[in-house]
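In this text, all values refer to a predicted model and were calculated from it rather than measured experimentally.
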Protein chains: 2
Amino acid sequence: MNLEIGPINKSSLSKQVADQLQEAILEGTLKADDRLPTEEELAQRFQVSRPTIREALKRLAAKNLIRSRRGPTGGSFVNHLGTNELSDHLTTATTLFVSMNDVSLDEISSTRLEMESYCFRLACQHRTDEDLKRLEQHLIHQKNKNISPEEFCAADVRFHRAIADASHNKMLSFIMYTLIEALQPVSNMIAYRFREREIITSQHERIFNAINNQDRKLACAILEEQINYLQQLHEEAQENHQQ
Amino acid sequence: MNLEIGPINKSSLSKQVADQLQEAILEGTLKADDRLPTEEELAQRFQVSRPTIREALKRLAAKNLIRSRRGPTGGSFVNHLGTNELSDHLTTATTLFVSMNDVSLDEISSTRLEMESYCFRLACQHRTDEDLKRLEQHLIHQKNKNISPEEFCAADVRFHRAIADASHNKMLSFIMYTLIEALQPVSNMIAYRFREREIITSQHERIFNAINNQDRKLACAILEEQINYLQQLHEEAQENHQQ
DNA sequence: ATAAGTTAATTTGTCATACAAATATAAAAT
DNA sequence: ATTTTATATTTGTATGACAAATTAACTTAT
């Protein structure tokens with residue numbers, strides 16, 4: 001009796017619960033900002049204990065699918081997963097992949113050059129006034145010589161992300177966010193030296209103007225220049241490190 | 001006393017533990033296939049209870065960073081995260097992103113066309129005999145008319161992945177895996193109809209020959225043909241669905 | 001002596017219960 | 001009317017116990 005046909009449940013209960021809830025989120029039964037039942041209620045519904053439910057919820061929380069708050073109006077809520085929310089999640093995955101698979105800087109930068117060039121092409125075609133405004137703001141902020149290295153890096157990331165967004169292709173943006181992060185460790189290096197900072201920002205300024213003038217070829221040429229420059233800096237740093 | 005300077009610990013204990021362990025994995029203190037201390041030991045070290053430790057471990061398990069086994073030789077082990085191991089993790093993230101952000105098929109397919117063309121370019125240059133062998137095997141399997149729709153889909157994914165791998169750029173492969181998955185729901189549609197199956201496999205055969213002959217332009221042209229064909233099928237299906 | 005079966009030990013998986021901490025709501029006191 | 005206080009709700013954490021899986025050691029039968 002109770003002979004279930006097919007693949008038997010081998011995975012742990014907490015995983016099964018997590019999978020079911022994720023399925024509900026994925027197929028739209030649970031929409032963004034919806035509140036899940038309380039942990040006790042979930043425990044009764046799934047006929048498992050509260051610790052098991054909690055383990056399941058933590059699995060979803062690790063994927064950024066839900067957030068939790070305490071108190072009467074608290075509970076677990078479905079997150080709305082935009083590009084930003086998912087990016088930090090993807091970033092750790094990408095960082096891990098790069099570090100555990102000996103991905104060379106050349107592989108990263110050539111991929112990024114190819115994709116960002118495509119972004120530039122689309123951005124030149126579809127950029128709106130708002131896109132240009134955002135780009136300019138990030139550029140101005142990055143030109144400020146009083147900001148800290150950390151702020152400089154953050155502004156750098158924002159600038160490149162803004163270009164990706166200017167392509168008005170969400171899929172492309174999503175992937176570019178990953179690639180931008182993957183190259184960030186190299187970019188970070190240069191944030192501490194004023195001379196290099198100036199070179200980067202001036203390149204950004206020229207890129208901005210090129211996109212503004214819808215000059216795709218020029219924009220891509222400058223991008224290539226910048227990526228080559230970063231690669232060169234990286235090689236120099238490695239040589240110094242070996243000494 | 002016990003006045004800790006700086007940002008106070010606001011996040012939950014299980015998250016703090018998870019973050020510390022993840023940090024250890026990321027910086028290499030915990031290498032692949034290393035075994036973590038037992039849950040009880042971790043509880044003592046971090047001075048928290050076992051349920052808290054378990055919640056932390058489930059967070060890492062959800063990210064595919066660790067696996068757990070019971071028994072004397074059991075415990076939690078660090079996963080080696082290659083392209084395959086991370087792909088299912090990325091797949092759910094991508095699927096969620098697509099469904100929650102109204103990403104159009106056009107955005108997906110145009111991005112994929114652009115990137116896969118780049119793959120073709122590199123594959124034509126760098127493909128080895130082993131790459132060709134693998135491609136041919138997947139092709140032969142896909143041509144078999146007796147396989148189930150599910151098998152057909154799986155073979156389809158494997159074929160495109162093999163092309164990505166033939167580029168010999170790990171970063172590019174990693175990203176392509178994501179894009180292949182993103183377009184899969186559309187590809188799945190056609191697996192149930194023999195007529196469409198034949199069209200797809202014949203296209204794959206021509207792509208294989210083109211890559212074999214290092215004819216980049218031809219390969220890309222066929223790819224464009226295939227993606228347009230899928231898009232067309234999708235539109236027809238939607239129209240039928242509306243009736 | 002070898003092979004098979006049995007037992008014991010270890011570790012994750014699950015459960016039950018209790019209490020702490022945060023937080024919003026309603027009631028009470030100033 | 002405003003502040004304070006009490007209270008209810010919900011997640012966060014702790015403790016202890018037992019179940020299930022799995023390996024290693026041991027025992028027994030051939």
Less than 4.0 angstrom from a charged side-chain N to a carboxylate O is my criterion; do B:Lys133 and B:Glu136 meet it?
no
Is it true that the side chains of A:Gln142 and A:Asp156 contain a donor and an acceptor less than 3.5 Å apart? yes
Between A:Val48 and B:Arg35, the residue closer to the 5' end of DNA chain C by nearest nucleotide is B:Arg35
Heavy-atom nearest pair, B:Ile180 first then B:Arg161, reads CD1-N, 3.7 Å
At a 4.0 Å cut-off to heavy atoms of chain B, the contacted part of DNA chain D spans D:dT13 to D:dT23
So salt bridge (charged side-chain N to carboxylate O under 4.0 Å, His left out) across residues 18-39 of chain A, not counting sequence neighbours, yields A:Lys15-A:Asp19, A:Asp33-A:Arg67, A:Glu39-A:Arg50, A:Glu39-A:Arg54
By nearest-heavy-atom nucleotide on DNA chain D, the more 5' of A:Ser76 and A:Pro51 is A:Ser76
Practice task
Over 60° means perpendicular and under 30° means parallel, so classify the ring planes of A:His204 and A:His160, tilted if in between.
Solution key: perpendicular
Test side-chain contact (heavy atoms from CB on, under 4.5 Å) on A:Phe159 and A:His141 and set out the steps.
CA-CA 10 Å; A:Phe159 181 78; A:His141 188 239; over 6 Å; no
Pick base, sugar-phosphate or nothing for B:Lys15, based on heavy-atom distances below 4.0 Å to the nucleic acid. nothing
Correct closest heavy-atom pair for B:Phe97 and A:Leu81 would be CD1-O, 4.3 Å
Item to check | More than 12 heavy atoms from other groups under 6.0 Å of CG on B:Asp129 | outcome: no
Does a donor on one side chain sit under 3.5 Å from an acceptor on the other, for B:Ser14 and B:Thr52? no
A:Gln16 side-chain N/O to A:Ser11 backbone N/O, donor-acceptor pair under 3.5 Å: yes
| field | Side-chain donor-acceptor contact under 3.5 Å, B:His168 with B:Asp131 | value | yes
Sorted by number, residues from residues 60-75 of chain B placing a heavy atom under 4.0 Å from DNA chain D are B:Arg70, B:Gly71, B:Pro72, B:Thr73
side-chain hydrogen bond (donor to acceptor under 3.5 Å, both in side chains) pairs touching residues 95-104 of chain A, sequence neighbours excluded, are A:Ser104-A:Glu107
Would the distance check show the side chain of B:Arg197 and the main-chain N or O of B:Thr201 forming a donor-acceptor pair, the cut-off being under 3.5 Å?
no
Note: chain B reaches DNA chain C at heavy-atom distances under 4.0 Å over the stretch, first to last nt, 5' to 3', of C:dA9 to C:dT14
Ordered by number, residues from residues 36-45 of chain A within less than 4.0 Å of DNA chain C (heavy atoms) are none
By nearest-nucleotide position on DNA chain C, the 5'-leaning member of A:Ser14 and A:Arg50 is A:Ser14
